[in-house]
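Here is the naming used below: chain letters follow the sequence lines, and residue numbers restart at 1 for every chain. Just so you know, these numbers come straight off a predicted model, no measurement behind them.
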Amino acid sequence: MRWLGNRGTLWLGALMVIVLALPLVVSDPFAIDIFIRVLLFSFIGVAWNLMGGYAKQLSLGHAAYFGLGAYTSTILQIRFGVSPWIGMPAGGVVAMLASLPIGALCFRLRGPYFAIATIATAQVLMLLFLKFRDFAWGAEGTTLPNLGNAPLMMQFDAKAAYYYIALALLALGLAITYRIERSRMGFYLVAVGEDEDAAEAIGVDALQIKRNIYLVSAFLTALSGTFYVQYIYFIDPNTAFSFNISVEAALVSIVGGIGTLWGPVVGTVLLEATSALLQSWLGGSGGIQLTIYSLILIAVILWRPSGLLGAVTDIYKRIVDPDPAPVEVANRDG
Amino acid sequence: MLATVAQAVINGLLIGGIYALVSIGVTLIFGVVKIVNFAQGEFVMIGMYISFFLATRFGIDPLASLVVSMPALFVIGVALQHFLIRRVLALGDMPQIFLTFALSLLLLNVALLLFTANYRTVQTPYAEAAIHIGPLYVSVAKLIAFAVAMAVSFALWVFLHTTDLGKAMRAAAQNREVAMLMGINPERVFCVAVGVALALAGAAGSLLMPFYPAYPMVGQVFVLMAFVAVVLGTLGNVTGALIASLMMGVAESLGIQFVGADSGLIVVFLMLLVTLALRPSGLFGGWAR
């Protein structure tokens with residue numbers, strides 16, 4: 001947090017208090033729903049960012065892990081009566097196991113090849129789950145049994161509970177990213193992301209680095225899948241393995257700034273706020289939201305390809321913290 | 001049994017011709033400009049809507065509307081290269097992939113706003129016509145589409161191998177720096193390459209219109225196929241993309257016939273993953289372009 005300066009720590013504290021108090025002050029369910037979406041997609045973005053941002057492995061198939069997390073906890077709950085609190089990390093482990101063969105296959109490829117191969121893996125999983133009719137309800141999907149207020153089964157009457165779970169997930173994702181960023185692993189990651197061959201040449205085992213970060217990224221993404229199913233009480237292959245999940249994960253990170261701790265959060269807040277405002281102004285007519293998303297994305301790529309976080313911190317420095325403190329992380333996303 | 005297999009192979013080859021037009025476009029852009037165009041499917045969609053509106057407003061046959069859709073998309077392609085792609089060429093993989101990806105999202109959703117998600121079809125006198133050869137039948141509309149697709153692909157091959165501009169494109173694809181030293185203007189070559197690639201997508205759209213409905217998401221079907229084909233056929237390799245597209249059409253069709261109606265894509269994607277595992281550079285890695 002040094003880059004924020006001393007006053008920055010205060011601001012961060014204030015932000016945390018606001019975020020924690022938000023559901024106590026705001027009771028409008030529509031607003032809470034937007035907050036939950038912001039937290040959830042920030043978290044998915046943070047998970048993607050470890051892989052796509054730091055190691056610069058552009059995955060467009062993270063829906064694979066979202067879906068595996070969602071299905072693991074749901075199957076455990078409905079077939080075996082296991083609480084989603086256990087199903088959630090179990091889904092994470094399943095996703096980690098799945099990431100090993102997927103990684104072994106895809107890491108042979110670079111750049112656009114890698115992106116295309118990851119799309120294919122998520123699609124294959126979706127098509128397989130469409131086939132698993134007896135075991136996983138096939139194309140119709142299933143609704144989760146509504147148990148009323150059952151905290152032990154991750155079901156709550158109060159929307160605020162979901163808010164705090166999503167917030168805890170995001171905090172977990174940010175803490176892990178923060179630790180990795182400052183570890184030896186983090187420097188290896190950035191080296192691999194900058195130039196894989198050069199990193200190999202100085203003795204970094206690029207394949208192992210990519211495999212390790214993929215494990216972490218897949219685990220975290222799977223947690224979000226379980227949470228999402230618990231929140232909407234429904235699962236089917238098209239929701240769980242939706243290409244839109246893969247896209248959104250990458251999109252929020254790119255708009256905010258890849259390879260930065262707060263980039264995915266900034267990106268999600270901007271995109272979700274825009275989409276919420278649009279919905280209230282224009283109604284939810286099909287297409288308008290993604291039209292605006294894609295225009296924002298094109299604008300960001302053309303004018304600020306390193307993401308908007310840089311722009312936000314620039315403004316912050318100009319207004320709040322004008323003294324020229326030494327800046328060490330400003331160009332991390334290079 | 002044999003007849004069933006033969007029928008599936010014929011159906012697969014016919015649709016494979018359309019896949020070929022889309023994937024040759026993707027591979028051409030990648031070969032020359034070194035960018036993967038995720039929006040290629042949306043240009044097929046635009047081609048389809050051009051043909052649809054020409055057919056419903058002016059009664060022009062979709063096949064005849066090729067002469068409108070191909071030049072129109074060529075111009076769009078030149079503009080795309082000049083105003084968008086050119087600006088990200090120096091930026092690396094990530095912004096490039098996301099630029100074309102964002103473009104795909106934009107076109108798809110603008111189409112959704114303008115035309116709604118409804119399926120649009122065009123009635124032609126030859127829509128139901130078929131040629132019967134023993135136990136096999138061949139749809140005339142699909143046969144025409146296949147024949148024109150092959151003719152267009154061949155014309156592209158002739159263009160790339162006999163004209164100065166075509167040779168310049170191949171030279172730029174093989175080694176951009178040396179090509180520039182030889183006096184080739186890369187920007188001009190890039191504009192033509194993207195223009196031609198989009199014209200191929202437009203052709204695919206018009207050829208599909210007699211037997212395939214137009215809707216905003218239609219491009220996704222073809223772009224996924226095209227990606228698999230260009231990876232199988234080695235990115236940047238035009239002949240490889242053509243052969244791989246035909247193979248995939250057949251694989252998909254056999255998958256639908258023998259595994260189940262919703263299994264065509266599984267077979268195709270598994271083909272991709274197995275190929276990547278065994279030969280990461282594609283089936284035609286060593287071929288000249």
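- In this structure, the portion of A:Phe243 lying under 4.5 Å from any heavy atom of chain B is its side chain and not its backbone.
- Residue contact with chain A, scored on non-hydrogen atoms closer than 4.5 Å, involves the backbone and the side chain of B:Val110 alike.
- For chain A, the nearby part of B:Leu272 is the side chain; its heavy atoms alone come within less than 4.5 Å.
- Looking at B:Ile266, the atoms closer than 4.5 Å to chain A (heavy atoms on both sides) sit in the backbone and in the side chain alike.
- Ranked by heavy-atom pairs under 4.5 Å with chain A, the first of B:Thr116, B:Leu105, B:Ile35 is B:Leu105.
- The contact between B:Leu224 and chain A is made entirely by side chain atoms (from C-beta outward), counting heavy-atom distances below 4.5 Å.
- Rounding to the nearest 0.5 angstrom, the gap separating the CG atom in A:Leu295 from the CG atom in B:Leu106 is 5.0 Å.
- Atoms CZ and CG, on B:Phe101 and A:Leu251 in that order, are 7.5 Å from each other to the nearest 0.5 Å.
- Between atom CD1 of residue A:Ile292 and atom CG of residue B:Asn109 there is a gap of 10.0 Å, rounded to the nearest 0.5 Å.
- Tested against B:Phe98 for a side-chain contact (heavy atoms from CB on, under 4.5 Å), the candidates A:Ile301, A:Ile258, A:Val300 yield a single pass: A:Ile301.
- Both the backbone and the side chain of A:Leu127 come within less than 4.5 Å of a heavy atom of chain B.
- A:Ile119 touches chain B through its side chain: at least one heavy atom from C-beta onward sits under 4.5 Å away, while N, CA, C and O do not.
- Neither the backbone nor the side chain of A:Ile296 comes within less than 4.5 Å of any heavy atom of chain B.
- Using a 4.5 Å cut-off between heavy atoms, B:Ile97 contacts chain A through its side chain alone, with no backbone atom that close.
- Between chain B and the options A:Leu128, A:Thr121, A:Leu60, A:Leu302, heavy-atom pairs under 4.5 Å are most frequent for A:Leu302.
- Of all heavy-atom pairs spanning B:Ala102 and A:Ser294, the tightest one is O-CB, 3.3 Å.
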